Visitor: 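Here's a structure for you.
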Amino acid sequence: MTDIIIIGGGPAGVSAALTAKNRGKSVKIISNSAELSNLWKAKSVENYPGLPNASGAELMMTFRKQLEDAGIEIVSGRALNALSMGTSFSVSVGQDYFECKAIILTTGIVQQSTYPGEQEFLGRGVSYCATCDGMLFRGKKVAVIGLNEEAESEANFLRSIGCIVEYFDKNRAKKFEIKGEETVAALIADDVVYQVDGIFILRSTIAPNSFLTGLGTDNGHIISDGAMKTTVDGVFAAGDCTGRPYQVARAVGQGNTAALSASEYLDKK
Ligand SMILES: Cc1cc2nc3c(=O)[nH]c(=O)nc-3n(C[C@H](O)[C@H](O)[C@H](O)COP(=O)(O)OP(=O)(O)OC[C@H]3O[C@@H](n4cnc5c(N)ncnc54)[C@H](O)[C@@H]3O)c2cc1C
């Protein structure tokens, strides 16, 4: 079992991983590609010490190279959720599960709020993963709200296993609502009702409160204290996901603190 799993491979996650490794902990990062870090979009970063005139992409590649040189494993993919197993956690990525003793969340800004009905029907017709749950809807009608790069191929996968797919890209509808009784019965998209048995909402990030039961949030940010502890024992957070200002130096500093706190937590166990 890994000591610490870090979710998100931006500046905060990289910093946390390097410090945790320095503290003698086994560590794994689960992350989307580097291009999905907010830093990648910065044309030039003028206020991060030591690497003047670097573009965001160059900074990210330097950070990732440092991880590689340190021998830190990066699992490529989107972490879907984490389950507390008492003294450990299980993190799911597609159909794979990874176990760890502590988690550091460094997922960056999650801009999307959830749709009405999304939380209520999560696991009862609403899914974030076609590969994991597609088979449950074989021969049935499903809607796919495609908001990430893989959404179209995920929709094609659902078709290939026999689902009848109603696909919504970013332009087809703007407003969604999910209705049902025990399970999902309909998706309302821009006031048009579609009778469906399942709804796949495919984003590149997962809202923190859908990710882990008991994780406190405030306005979409993960609540954390000065030691970067969250409201869940054994779970820490760092970087843009904890609030403003959204800055690389802050993310790196918080990543460092979160890793030290997580290491201390494990040493006391
Ligand atoms: C255009 C632009 C210019 C900027 N310029 C500057 C600047 O000049 N100076 C400065 O200090 N800051 C700047 N910033 C802000 C800076 O980029 C962020 O503060 C910094 O990237 C935050 O780091 P982070 O690690 O918290 O999050 P991010 O860099 O966003 O990294 C989070 C990573 O986690 C991944 N992730 C999220 N959820 C999951 C999941 N469920 N499973 C797997 N992976 C997941 C994301 O895809 C992403 O790769 C700029 C931002 C932008 C957009």
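Quick caveat, the model's predicted, so the values are computed rather than measured. Indexing begins at 1, ligand by ligand and atom by atom, following the structure's order.
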Visitor: Can you confirm whether or not the ring centre of Phe98 sits under 6.0 Å from the ring centre of Phe89?
Guide: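 Ring centres of Phe89 and Phe98 not closer than 6.0 Å.
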Visitor: Using a strict cut-off of 4.0 Å, indicate which atoms of ligand 1 neighbour a heavy atom of Val248.
Guide: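 What qualifies from ligand 1 is 10 (C), 11 (O), 12 (N), 16 (C), 19 (O).
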Visitor: Counting only heavy atoms, tell me which of Gly77, Gly255, Ala42 gets closest to atom 4 (C) of ligand 1.
Guide: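 Going through Gly77, Gly255, Ala42 one by one, Ala42 has the nearest heavy atom to atom 4 (C) of ligand 1.
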Visitor: Do Lys179 and Glu177 sit within salt-bridge range, that is, some charged N less than 4.0 Å from a carboxylate O?
Guide: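 The answer is yes: the pair qualifies as a salt bridge.
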Visitor: Does ligand 1 have any atom sitting under 4.0 Å from a heavy atom of Tyr48?
Guide: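 Judged by the 4.0 Å heavy-atom criterion, Tyr48 does not count as contacting ligand 1.
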Visitor: Taking the six-membered ring for Trp and the full ring for Phe, Tyr or His, determine whether the centres of Phe121 and Tyr115 are under 6.0 Å apart.
Guide: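 Aromatic pair excluded; centres sit 6.0 Å or further apart.
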Visitor: Specify the protein heavy atom at minimum distance from atom 41 (N) of ligand 1: its residue, its atom name, and the distance to 0.1 Å.
Guide: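 Closest protein heavy atom to atom 41 (N) of ligand 1: Ala79 O, 3.0 Å.
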Visitor: Counting only heavy atoms, tell me which of Gly108, Ala54, Pro11 gets closest to atom 23 (O) of ligand 1.
Guide: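 Checking each option, the heavy atom nearest atom 23 (O) of ligand 1 is found in Pro11.
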Visitor: I need the atoms of ligand 1 closer than 4.0 Å to a non-hydrogen atom of Gly239, numbered in the order shown.
Guide: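 The atoms of ligand 1 under 4.0 Å from a heavy atom of Gly239 are 26 (O).
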Visitor: Which residue and atom name correspond to the protein heavy atom nearest atom 29 (O) of ligand 1, and how close is it?
Guide: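 Closest protein heavy atom to atom 29 (O) of ligand 1: Ser37 OG, 2.7 Å.
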Visitor: Considering heavy atoms of the protein only, find what lies nearest to atom 14 (N) of ligand 1 and give residue, atom and distance to 0.1 Å.
Guide: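 Nearest protein contact, heavy atoms only, for atom 14 (N) of ligand 1 is Tyr246 O, 4.2 Å.
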Visitor: Would you mind running through ligand 1 and noting each atom that sits below 4.0 Å from a heavy atom of Lys41?
Guide: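 Selected atoms, number and element: 1 (C).
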Visitor: Distance to 0.1 Å, residue and atom name: give those for the protein heavy atom nearest to atom 37 (C) of ligand 1.
Guide: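 Heavy-atom neighbour on the protein nearest atom 37 (C) of ligand 1: Thr107 O, 3.1 Å.
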Visitor: By number and element, which atoms of ligand 1 are closer than 4.0 Å to a non-hydrogen atom of Ala12?
Guide: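 Ligand 1 atoms under the 4.0 Å threshold to Ala12: 25 (O), 26 (O).
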Visitor: Any salt bridge linking Glu118 with Arg203? Criterion: basic side-chain nitrogen under 4.0 Å from a carboxylate oxygen.
Guide: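 Judged by the 4.0 Å cut-off on N to carboxylate O distance, Glu118 and Arg203 do form a salt bridge.
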Visitor: Which value, rounded to the nearest 0.5 Å, describes the distance between Asp3 atom CG and Lys269 atom NZ?
Guide: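 Asp3 CG to Lys269 NZ: 9.5 Å, rounded to 0.5 Å.
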Visitor: As an exercise, identify every atom of ligand 1 less than 4.0 angstrom from a heavy atom of Leu39.
Guide: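 Near Leu39, meaning under 4.0 Å from one of its heavy atoms, ligand 1 has 17 (O), 21 (O), 29 (O).
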Visitor: Which pair of heavy atoms, one from Ile29 and one from Gly8, lies closest together, and at what distance?
Guide: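 Answer, listing the atom of Ile29 first, then Gly8: CG2-O, 3.9 Å.
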Visitor: State the atoms of ligand 1, each with its element, that fall below the 4.0 Å cut-off from a heavy-atom position in Gly10.
Guide: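 Checking each atom against Gly10, I get 25 (O), 29 (O), 31 (O), 33 (C).
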Visitor: Under 4.0 Å from any heavy atom of Gly9, which atoms of ligand 1 are there?
Guide: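 So the atoms of ligand 1 that pass are 33 (C), 34 (O).
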Visitor: Return the closest protein heavy atom for atom 34 (O) of ligand 1 as residue, atom name and distance.
Guide: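 The closest one turns out to be Gly8 CA, 3.2 Å.
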Visitor: What protein heavy atom sits nearest atom 30 (O) of ligand 1, and how far off is it?
Guide: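 Scanning the protein heavy atoms, the shortest distance from atom 30 (O) of ligand 1 goes to Asn38 N, 3.2 Å.
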Visitor: Return the minimal non-hydrogen interatomic distance between Ala20 and Ser263, and the atom names on each side.
Guide: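 Ala20 and Ser263 have their closest heavy atoms at CA-OG, 4.4 Å.
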Visitor: So which heavy atom in the protein is nearest atom 20 (C) of ligand 1, and how far is it from that ligand atom?
Guide: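 Answer, as residue, atom name and distance: Asp240 OD2, 3.8 Å.
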Visitor: Applying side-chain contact (heavy atoms from CB on, under 4.5 Å), run through Val14 and Thr106 and close with a yes or a no.
Guide: CA-CA 9 Å; Val14 172; Thr106 57; over 6 Å; no
Visitor: With Asp267 as reference, evaluate Lys101, Lys25, Arg23 under the salt bridge (charged side-chain N to carboxylate O under 4.0 Å, His left out) test and give the passing residue.
Guide: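 Only one option passes, and that is Lys25.
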Visitor: Using every non-hydrogen atom in the two residues, find where Gly198 and Phe137 come nearest and quote the distance to one decimal.
Guide: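 Closest heavy-atom pair between Gly198 and Phe137: CA-CE2, 3.4 Å.
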Visitor: Would you say that Ser55 contacts Lys43 through its side chain, given a criterion of any heavy-atom pair below 4.5 Å between the two side chains?
Guide: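 The answer is no; the side chains never approach within 4.5 Å.
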Visitor: Could you name the option among Ile30, Asn32, Val45, Val14 that has the heavy atom nearest to atom 36 (N) of ligand 1?
Guide: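 Selected option, by shortest heavy-atom distance: Asn32.
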Visitor: Any carboxylate oxygen within less than 4.0 angstrom of a Lys/Arg side-chain nitrogen, looking at Lys268 and Glu264?
Guide: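 Looking at Glu264 together with Lys268, the answer is yes, because their closest N to O distance falls below 4.0 Å.
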Visitor: For atom 10 (C) of ligand 1, tell me which residue out of Lys43, Arg244, Gln247 has the closest non-hydrogen atom.
Guide: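 Among Lys43, Arg244, Gln247, the closest heavy atom to atom 10 (C) of ligand 1 belongs to Gln247.
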Visitor: Please round to the nearest 0.5 Å and tell me the distance separating atom CG of Leu136 and atom CD1 of Ile161.
Guide: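 Atom-to-atom, Leu136:CG and Ile161:CD1 are 9.0 Å apart.
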Visitor: So is Pro245 in contact with ligand 1, going by heavy-atom distances below 4.0 Å?
Guide: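 Contact absent.
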Visitor: Quick test: of every protein heavy atom, which one is nearest to atom 9 (N) of ligand 1, and how far off is it to 0.1 Å?
Guide: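 Of every protein heavy atom, Asn47 OD1, 2.9 Å lies nearest to atom 9 (N) of ligand 1.
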